[in-house]
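Just so you know, ligand 1 is whichever comes first in the structure, and atom 1 is the first atom listed for that ligand.
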Amino acid sequence: MITVEEATQIVIENSRFVPDEMVPFQKAVGRVLQAEDIMADRDFPPFDRVSMDGIAIKFERFENGQRKFSIEKTQAAGAPQLALEDEACCIEVMTGAMLPQGTDTVIRYEDLSIHDSIAGVETERVEARQNVHRRGSDRREMDVILERGALLSSAEIGVLATIGCTEVRVSGLHRACILSSGDELVEVHETPLPHQIRKSNVHVMAAVLGTWGLNADLLHLPDDPTAIETTLRDCLKNYDVLLMSGGVSMGKFDHLPEVLEKIGVRKWFHKVSQRPGKPFWFGSTNSTVIFAFPGNPVSSFMCLHRYFQPWLRASRGLQPIENQYAVLAEDYFFKPDLTYFLQVELTNSPDGRLLAKPVTGQGSGDLANLVDSDAFMELPLERQEFKAGEAFPIWRFR
Ligand code: AMP
Ligand code: MG
């Protein structure tokens with residue numbers, strides 16, 4: 001049986017690029033910028049920008065002792081630049097406006113008293129060029145503003161909007177299919193008979209894929225090898241990645257491994273020395289990568305986060321996330337010779353450490369426990385005793 005590290009390496013080596021595509025910038029969240037760096041189309045900000053409502057003056061006047069300024073006119077945001085005609089006067093200015101020609105300093109309303117169109121300055125603390133956001137102080141025209149390979153989040157959408165980038169070339173979307181398996185499963189809207197349960201894994205997977213912008217198709221495999229074979233043959237033609245849950249363990253009706261091999265899928269591994277998720281089966285063809293997770297909801301959930309998401313990152317050209325660590329809050333024992341993925345609740349201690357409190361339940365089927373947990377803590381296979389205060393890697397899912 002292979003280790004978690006070996007399995008991870010094989011999964012990542014099987015990452016698959018799909019062709020880039022152009023998308024409207026509003027749809028680019030979660031995608032990776034491809035093909036080119038994005039440059040600033042003009043200076044940021046594009047003009048000396050007033051950053052407080054108040055008056056604009058020539059600082060020299062204030063420096064020489066002048067405290068009362070007659071208001072010549074008003075410079076609004078969105079209006080072409082005005083000019084101060086008399087240096088002894090001022091122009092009322094609004095946030096976002098161009099700084100009027102002939103002025104260099106803005107004094108905010110809070111430091112003024114205005115009567116009969118005369119602004120009196122009520123503070124001695126005025127500095128040259130204050131409250132002016134200088135043209136080009138953030139970025140210069142043609143500066144690289146987003147680098148190729150950047151993961152686009154809401155912040156990047158704002159940058160794309162600012163520079164007028166209506167369409168952007170990004171990593172393509174994998175065609176994904178999620179398959180449930182097992183004759184005991186019924187749809188969510190159905191009322192299960194005593195021997196049935198509702199499908200949950202496939203919806204958990206669909207929700208996670210949704211956060212990556214992937215709209216997966218959902219299919220079902222009954223516990224019948226012929227039907228499984230027909231559906232899977234079709235899937236291999238139509239999808240870049242298949243995510244399955246159930247049917248890969250030692251049971252009499254766990255047909256997936258034999259059918260997958262029969263239809264020509266190369267098996268990379270079956271079984272990983274881990275709990276939960278030991279029966280994880282992984283394979284590929286030239287065109288499709290197949291993750292077949294065990295059906296226990298916690299097993300498939302853990303494998304999804306520990307193996308599938310890193311694969312998807314790599315397949316989109318992203319660097320792996322650096323390991324995150326937390327400190328175990330209580331002693332924990334785990335005897336079997338397996339890497340244990342302990343469900344933990346994370347809290348911050350007053351000394352700034354991230355603490356992981358074990359959320360112990362009824363083993364790998366205990367779905368309800370997941371709502372009380374924030375992460376899996378990865379406890380190494382070669383040890384059996386884990387002491388409070390020791391740090392181990394965590395895989396957050398919240
Ligand atoms: P299996 O891996 O097929 O032996 O299934 C292990 C356990 O997981 C069984 O109790 C199944 O009923 C359950 N299970 C399998 N698939 C799902 C699913 N999509 N949603 C919820 N539970 C499932
Ligand atoms: Mg089953």
**Item:** Protein heavy atom at shortest distance from atom 4 (O) of ligand 1
**Value:** D254 OD1, 3.8 Å

**Message:** I'd like to check which ligand 1 atoms, numbered from 1 as shown, lie under 4.0 Å from a non-hydrogen atom of K199.
**Reply:** 20 (N)

**Message:** Starting from atom 19 (N) of ligand 1, what is the nearest protein heavy atom, named by residue and atom, and what distance separates them?
**Reply:** N201 CB, 3.4 Å

**Message:** What protein heavy atom lies closest to atom 20 (N) of ligand 1? Include the residue and the distance to one decimal.
**Reply:** S200 N, 2.9 Å

**Prompt:** Hey, is I197 touching ligand 1 through its side chain, its backbone, both or neither, going by heavy atoms under 4.0 Å?
**Reply:** side chain

**Prompt:** Charged N to carboxylate O under 4.0 angstrom, R175 versus D240?
**Reply:** yes

**contact_flag G247 ligand 1 heavy-atom lt 4.0 Å** = yes

**Prompt:** Which atoms of ligand 1 are found less than 4.0 Å from any heavy atom of E184?
**Reply:** 9 (C), 11 (C), 12 (O)

**Message:** Show the nearest heavy-atom pair for residues H195 and E184, with the distance to one decimal.
**Reply:** O-CB, 4.0 Å

Only pairs under 3.5 Å count here: list side-chain donor-acceptor contacts from residues 76-84, not counting sequence neighbours, and write none if there are none.
residue: Q81; atom: NE2; partner: L99; partner atom: O; Å: 2.7

**Message:** With a 6.0 Å cut-off (strictly less than), is the heavy-atom count around CE of M142, excluding the residue itself, greater than 12?
**Reply:** no

**Asked** Between F308 and F291, how do the two ring planes meet: parallel, tilted or perpendicular, split at 30° and 60°?
**Response** perpendicular

**Fill in**
Ranked by distance from atom 6 (C) of ligand 1, the top protein heavy atom is N296 N, 3.6 Å

**Message:** Determine whether any protein heavy atom is located less than 4.0 Å from atom 22 (N) of ligand 1.
**Reply:** yes

**Message:** Could you work out, for atom 13 (C) of ligand 1, the closest of S299, G295, S300 by heavy-atom distance?
**Reply:** G295

**Request:** Please state whether the rings of F376 and F397 are parallel, tilted or perpendicular, taking 30° and 60° as the class boundaries.
**Result:** tilted

**Request:** Please list all pairs passing the salt bridge (charged side-chain N to carboxylate O under 4.0 Å, His left out) test where one or both residues lie in residues 3-28, with sequence neighbours left out.
**Result:** E21-R31

**Asked** Looking at G246, which atoms of ligand 1 are within less than 4.0 Å of one of its heavy atoms?
**Response** 1 (P), 2 (O), 3 (O)

**Request:** Tell me, with the steps shown, if E141 and R135 meet salt bridge (Lys or Arg N to Asp or Glu O under 4.0 Å).
**Result:** CA-CA 10 Å; E141 185 178 336; R135 172 176 182 164; 5.5 Å; no

